[in-house]
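Structure incoming, see below.
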Amino acid sequence: MTTPFELPANSPRLSDAERDRALMLLREGAAQGRLSHDTFLFRMERALAARGPDELDLLTADLRGEGAWTRRVVGAVEKVSAFTARLRRAWAAERLPKLLLPHPGPHPLRIGRDPVNGLRLSHETASRLHAELSMRSGMWVLRDLGSTNGTTVNGRRVTGSVVVRAGDVVGFGEMSFRLSLD
């Protein structure tokens, strides 16, 4: 009687190309997350010690490549998924309210919940003095004023000041706007 990794005396000899194919399948399986690290190491060791194609078949049986039809279906699903994600982002971006960039003046536009601000926000996640928008050297600069829930530009949190332009998405707490010139 033989164990799963012992070959009978009359089995065919293993070629280098067969071993290389098995090693490649094992590497791809590990890279795709189909094999744990320990399983990968165990199987690589066994593949290098294998003496016949039957041993390699046992080591790679669960890693066989997918058929052409399966690859096409999975590829189509990936493309549709990527398209719907782009569509969802575009839909959300276009629905944001506009925040018109003010005419440059001597004083910055203060943003927050306090009634003295030039742009008063009514959402509870906005701080009383949340941020300010000013023109410096011909560029618009947005500065967070130590707000509790943060100021973001295009999804990234602002620490200090950052240059902004028309089309950028700015957020004050949970309120978001798209900067616009008109």
Side-chain angles (χ1 to χ4, degrees), residues 4 16-48 50 53-101 111-113 119 121-127 130-131 133 139-144 147-182:
D16 288 338
E18 289 171 313
R19 188 184 314 273
D20 288 343
R21 273 193 298 277
L23 294 173
M24 183 187 68
L25 277 172
L26 292 171
R27 280 192 299 271
E28 287 176 5
Q32 294 169 356
R34 296 171 66 192
L35 294 176
S36 71
H37 182 70
D38 291 338
T39 302
F40 170 71
L41 291 176
F42 173 79
R43 290 189 186 185
M44 287 294 280
E45 193 174 296
R46 291 292 188 165
L48 293 171
D54 294 342
E55 286 182 77
L56 293 180
D57 288 343
L58 289 171
L59 295 170
T60 60
D62 59 338
L63 300 173
R64 299 273 184 246
E66 301 160 337
W69 187 84
T70 303
R71 282 193 304 274
R72 276 183 270 175
V73 169
V74 169
V77 169
E78 287 173 347
K79 287 178 184 174
V80 168
S81 179
F83 173 75
T84 57
R86 283 194 326 266
L87 185 62
R88 193 176 306 116
R89 282 192 306 271
W91 179 259
E94 291 306 314
R95 296 182 63 173
L96 287 176
K98 287 182 182 179
L99 173 57
L100 294 177
L101 290 166
I111 303 165
R113 281 194 346 258
L119 175 59
L121 303 175
S122 59
H123 200 273
E124 66 271 4
T125 60
S127 297
H130 198 100
L133 188 61
M139 296 182 292
W140 286 103
V141 176
L142 181 65
R143 182 169 70 106
D144 184 78
S147 63
T148 304
N149 293 308
T151 302
T152 59
V153 175
N154 298 325
R156 291 195 169 147
R157 186 142 185 179
V158 173
T159 55
S161 299
V162 66
V163 174
V164 294
R165 59 190 57 83
D168 285 345
V169 175
V170 295
F172 310 103
E174 292 182 15
M175 295 188 76
S176 294
F177 302 90
R178 179 171 296 284
L179 294 177
S180 177
L181 293 172
D182 54 9

Before giving the answer on side-chain contact (heavy atoms from CB on, under 4.5 Å), spell out for M24 and D20 the whole-Å C-alpha distance, their side-chain angles and the decisive distance to 0.1 Å.
CA-CA 6 Å; M24 183 187 68; D20 288 343; over 6 Å; no
Donor-acceptor pair, distance only, cut-off 3.5 Å: does the side chain of R165 make one with the backbone of W140?
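No: the side chain of R165 does not pair with the backbone of W140.
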Kindly say whether E174 contributes a backbone atom to a donor-acceptor pair with the side chain of T125 at under 3.5 angstrom?
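Judged by distance alone, yes, a pair lies under 3.5 Å.
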Could you check if a side-chain atom of V141 sits within less than 4.5 angstrom of a side-chain atom of V162, using non-hydrogen atoms only?
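With C-beta onward as the side chain, the pair stays apart.
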Let me confirm one number: the CG-OG distance from L99 to S176, rounded to the nearest 0.5 Å.
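That separation rounds to 11.0 Å.
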Test side-chain contact (heavy atoms from CB on, under 4.5 Å) on V158 and T152; report intermediate values, then the result.
CA-CA 5 Å; V158 173; T152 59; 5.7 Å; no
Closest non-hydrogen atom pair, L56 against A22:
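In this case the closest contact between L56 and A22 is CD2-CB, 3.7 Å.
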Is there a side-chain contact (heavy atoms from CB on, under 4.5 Å) between R46 and E55? Walk through the geometry before answering.
CA-CA 8 Å; R46 291 292 188 165; E55 286 182 77; over 6 Å; no
Looking at every non-hydrogen atom in both residues, tell me the closest pair between R157 and S147 and how far apart they are.
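Result for this residue pair: NH2-O, 4.1 Å.
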Gap between atom CE of M44 and atom CG of L41 - 0.5 Å precision
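It comes to 8.5 Å.
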V170 and I111: CA distance, side-chain angles, deciding distance, side-chain contact (heavy atoms from CB on, under 4.5 Å) verdict:
CA-CA 12 Å; V170 295; I111 303 165; over 6 Å; no
Would you give the length of the straight line joining atom CE of M175 to atom NE2 of H123, rounded to the nearest 0.5 angstrom?
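Reported value, rounded in 0.5 Å steps: 6.5 Å.
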Side-chain contact test, heavy atoms from C-beta onward, threshold under 4.5 Å: evaluate it for L63 versus L35 and give yes or no.
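They are in contact (side-chain heavy atoms under 4.5 Å apart), so the answer is yes.
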Between E18 and P53, what is the shortest heavy-atom contact and its length?
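Residues E18 and P53, closest heavy atoms: OE2-CB, 3.9 Å.
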Quick one: which of L96, V153, D168 gives a side chain to side chain contact (heavy atoms under 4.5 Å, CB included) with L179?
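Filter result, single survivor: D168.
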Verify, without hydrogens or angle tests, whether T151 (side chain) and A131 (backbone) share a donor-acceptor contact under 3.5 angstrom.
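Side chain of T151 to backbone of A131: no pair is present.
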Can you confirm whether F172 sits close enough to L121 that some side-chain heavy atom of one is under 4.5 Å from a side-chain heavy atom of the other?
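They are in contact (side-chain heavy atoms under 4.5 Å apart), so the answer is yes.
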Any donor-acceptor pair under 3.5 Å linking the side chain of S36 with the backbone of T39?
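Yes: the side chain of S36 pairs with the backbone of T39.
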Considering all heavy atoms, the nearest L59-A47 contact:
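Looks like CD1-N, 3.4 Å.
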Once you round to the nearest 0.5 Å, how far does CD of E45 lie from CG of L26?
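Interatomic distance, E45 CD to L26 CG, rounded to 0.5 Å: 12.5 Å.
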Can you check whether L101 reaches L133 side chain to side chain, under 4.5 Å on heavy atoms?
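In short, these two side chains touch, coming nearer than 4.5 Å.
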Closest non-hydrogen atom pair between R113 and E124, with its separation:
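Residues R113 and E124, closest heavy atoms: NH1-O, 4.0 Å.
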Between R43 and D62, is the salt bridge (charged side-chain N to carboxylate O under 4.0 Å, His left out) condition met? List the steps.
CA-CA 12 Å; R43 290 189 186 185; D62 59 338; 2.8 Å; yes
Do we see a donor-acceptor contact under 3.5 Å between the side chains of T84 and S81?
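No, S81 and T84 have no side-chain donor paired with an acceptor closer than 3.5 Å.
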Can you name the closest pair of heavy atoms from H130 and D144 and give their distance?
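Heavy atoms of H130 and D144 come nearest at O-OD1, 3.6 Å.
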